[in-house]
Amino acid sequence: MINSFFDALFLSIPFYASHPYMMPFVGDMYVSSKHKKLLLIGESHYMPEYSFVHHNAEAWYNGTSVLNQEEQNWCNTRGTREGKSGRFGKEIDRCLNMVMPSGENGWHQVAFLNYFLRPADCATGIEDLWNAYGDKEIDCEQAIRNFINVLEVLKPDLFIFLSSRVCKQAEGFDYPKYFGGNLWDWTKSQGIVDYIYTNHPSSPHWNRTMPSYKKSNNLTSRDFFSNWLRDKWTST
């Protein structure tokens, strides 16, 4: 089940007011005495192969884009997590249940959103969308503003970027205009204990080591993710 406690606050965020089907997923066990509050951050949704409604960034963000039901279903954050959609959803569910068995859908123990708010084209990535149609700066600024708003609503103890690309964008943005500092310092000031990144769970890199990331201790992303959950998430 979904925890709808935060919905009124989500709907006060400009982007979700015009794109309510993309509101973050919050599991009914997100707040629990068994573990800390954990937010997982993915990369982006995708659109059906025929769709072009998301190609115009200005129309997408000002809310004038009109999506049909299938397009809304493809970027329905809550629906994808309820259904443990794709390799991404099933792999994370497996890891969550391995560390903190729930007996059902491990996603119900966490909260989730996709960082980039404009979906990518079917079977491609957000970088391909930028290469084809531009507006990377608009997407990155909209993403960080929205991410800050979500953190202020959910007040997680921990969060994980499930994409090195997303972490790089979030940490590398022009923070002084928002925080007067950097992401790490700001999250600490908000009571967030720690955050990390992994490679994308749908990518072959999920099962490879991350030698350039010292925190990973040269583990694969999958093993690093699971070990970090045991060390940080389950200690209350």
Side-chain angles (χ1 to χ4, degrees), residues 1-32 34-47 54 67 69-120 126 142-163 166-167 170 192 195-198 200-202 206 225 228-229 233-234:
M1 294 180 64
I2 294 173
N3 182 343
S4 59
F5 176 81
F6 303 95
D7 283 6
L9 293 172
F10 286 145
L11 289 171
S12 71
I13 297 172
F15 180 77
Y16 297 127
S18 58
H19 301 75
Y21 42 86
M22 291 182 71
M23 285 196 299
F25 171 88
V26 184
D28 56 346
M29 295 171 63
Y30 171 66
V31 180
S32 171
K34 295 181 179 180
H35 52 67
K36 292 184 173 72
K37 291 178 292 182
L38 174 63
L39 173 64
L40 304 182
I41 303 108
E43 196 162 294
S44 69
H45 285 293
Y46 300 90
M47 279 296 195
H54 56 299
L67 280 66
Q69 190 59 56
E70 183 183 16
E71 290 169 329
Q72 289 191 29
N73 290 342
W74 273 61
C75 52
N76 183 320
T77 306
R78 297 179 172 188
T80 58
R81 296 291 65 90
E82 276 290 321
K84 296 184 273 192
S85 178
R87 178 180 174 185
F88 181 102
K90 292 177 176 61
E91 183 64 21
I92 296 302
D93 172 64
R94 186 187 71 81
C95 291
L96 291 170
N97 266 310
M98 183 172 61
V99 174
M100 180 68 71
S102 67
E104 197 174 340
N105 189 336
W107 284 100
H108 286 198
Q109 304 179 89
V110 301
F112 173 84
L113 82 156
N114 276 316
Y115 183 77
F116 294 114
L117 303 175
R118 198 158 57 114
I126 192 71
Q142 289 283 343
I144 192 62
R145 287 177 180 273
N146 191 72
F147 184 51
I148 293 166
N149 287 333
V150 171
L151 289 177
E152 291 176 340
V153 168
L154 288 177
K155 303 187 186 308
D157 301 305
L158 305 159
F159 65 83
I160 303 175
F161 292 115
L162 295 170
S163 162
V166 168
C167 185
I192 296 171
Y195 75 83
I196 60 168
Y197 74 83
T198 69
H200 198 287
S202 295
W206 176 248
F225 176 72
W228 189 87
L229 290 178
W233 181 45
T234 60

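Just so we're clear, the structure is a prediction, and the values are computed from it rather than from any experiment.
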Exercise. Can we call the ring centroids of Phe147 and Phe161 under 6.0 Å apart?
Worked result: yes
For this session: Answer whether the closest heavy-atom distance between the side chains of Leu229 and Thr234 falls below 4.5 Å.
Result: no
Exercise. Does a side-chain heavy-atom distance below 4.5 Å link Asn105 with Asp93?
Worked result: yes
Exercise. What pairs meet the salt bridge (Lys or Arg N to Asp or Glu O under 4.0 Å) rule with one or both residues in residues 2-24, with sequence neighbours excluded?
Worked result: Asp7-Arg78
Problem set entry | Set of ring-ring contact (aromatic ring centres under 6.0 Å, His included) partners for Phe25, sequence neighbours left out | none
Exercise. Does Tyr30 have any ring-ring contact (aromatic ring centres under 6.0 Å, His included) partners at least two apart in sequence or in another chain, and if so, which?
Worked result: none
Problem set entry | No-hydrogen, no-angle side-chain donor-acceptor test under 3.5 Å, Tyr16 and Asn146 | yes
Exercise. Mind checking whether Ser102 and Leu96 have side chains closer than 4.5 Å, heavy atoms only?
Worked result: no
For this session: Using the test side chain to side chain donor-acceptor pair (under 3.5 Å), find all partners of Ser18 that sit at least two apart in sequence or belong to another chain.
Result: none
Exercise. So how far is it from Ile2 CD1 to Asp28 CG, rounded to the nearest 0.5 Å?
Worked result: 9.0 Å
For this session: With side chain to side chain contact (heavy atoms under 4.5 Å, CB included) as the test, would you mind laying out the steps for Cys75 and Leu67 before giving the verdict?
Result: CA-CA 10 Å; Cys75 52; Leu67 280 66; 3.8 Å; yes
For this session: Mark yes or no for whether Ser85, through its side chain, and Thr80, through its backbone, hold a donor-acceptor pair below 3.5 Å.
Result: no
Problem set entry | Main-chain N/O of Gly89 paired with Trp107 side-chain donor or acceptor, under 3.5 Å | yes
For this session: Report the residue from Tyr197, Trp206, Trp233 that forms a ring-ring contact (aromatic ring centres under 6.0 Å, His included) with Phe225.
Result: Trp206
Problem set entry | Those residues that, when tested against Trp74, pass ring-ring contact (aromatic ring centres under 6.0 Å, His included) (two or more places apart) | none
Exercise. Do the side chains of Phe112 and Val26 get nearer than 4.5 Å, heavy atoms only?
Worked result: no
For this session: Report yes or no: do Ser44 and Asn114 form a side-chain donor-acceptor pair below 3.5 Å?
Result: no
For this session: Please report the C-alpha distance between Leu162 and Ile41 in whole Å, then the side-chain angles of each, then the deciding distance to 0.1 Å, and finally whether the side chain to side chain contact (heavy atoms under 4.5 Å, CB included) criterion is met.
Result: CA-CA 6 Å; Leu162 295 170; Ile41 303 108; over 6 Å; no
For this session: Could you tell me which residues satisfy salt bridge (Lys or Arg N to Asp or Glu O under 4.0 Å) with Glu91, sequence neighbours excluded, listed by chain and number?
Result: Arg94
Problem set entry | Residue pairs passing the salt bridge (Lys or Arg N to Asp or Glu O under 4.0 Å) test where at least one lies in residues 142-157, sequence neighbours excluded | Glu141-Arg145
Exercise. Would you call the rings of Phe10 and Phe6 parallel, tilted or perpendicular if under 30° counts as parallel and over 60° as perpendicular?
Worked result: tilted
Exercise. Can you list every pair that meets salt bridge (Lys or Arg N to Asp or Glu O under 4.0 Å) and has a residue in residues 105-120, with sequence neighbours left out?
Worked result: Arg118-Asp139
Exercise. CG/Leu40 to CD/Gln109 distance, rounded to the nearest 0.5 angstrom?
Worked result: 10.5 Å
Exercise. Any side-chain heavy atom of Ile192 sitting closer than 4.5 Å to one from Leu158?
Worked result: no
For this session: With sequence neighbours left out, write down each residue that passes side chain to side chain donor-acceptor pair (under 3.5 Å) with Gln72, or none if nothing qualifies.
Result: none
Exercise. Are any non-hydrogen side-chain atoms of Met23 and Tyr21 less than 4.5 angstrom apart?
Worked result: no
Seminar exercise, completed: Residues passing the side chain to side chain donor-acceptor pair (under 3.5 Å) test with Glu71, sequence neighbours excluded, are Ser51
Exercise. In chain order, what residues pass the side chain to side chain contact (heavy atoms under 4.5 Å, CB included) check against Glu43, with sequence neighbours excluded?
Worked result: Phe116, Ile126, Ser163, Arg165, Val166, His200
Exercise. For His108, which residues count as a ring-ring contact (aromatic ring centres under 6.0 Å, His included) partner, sequence neighbours excluded?
Worked result: none
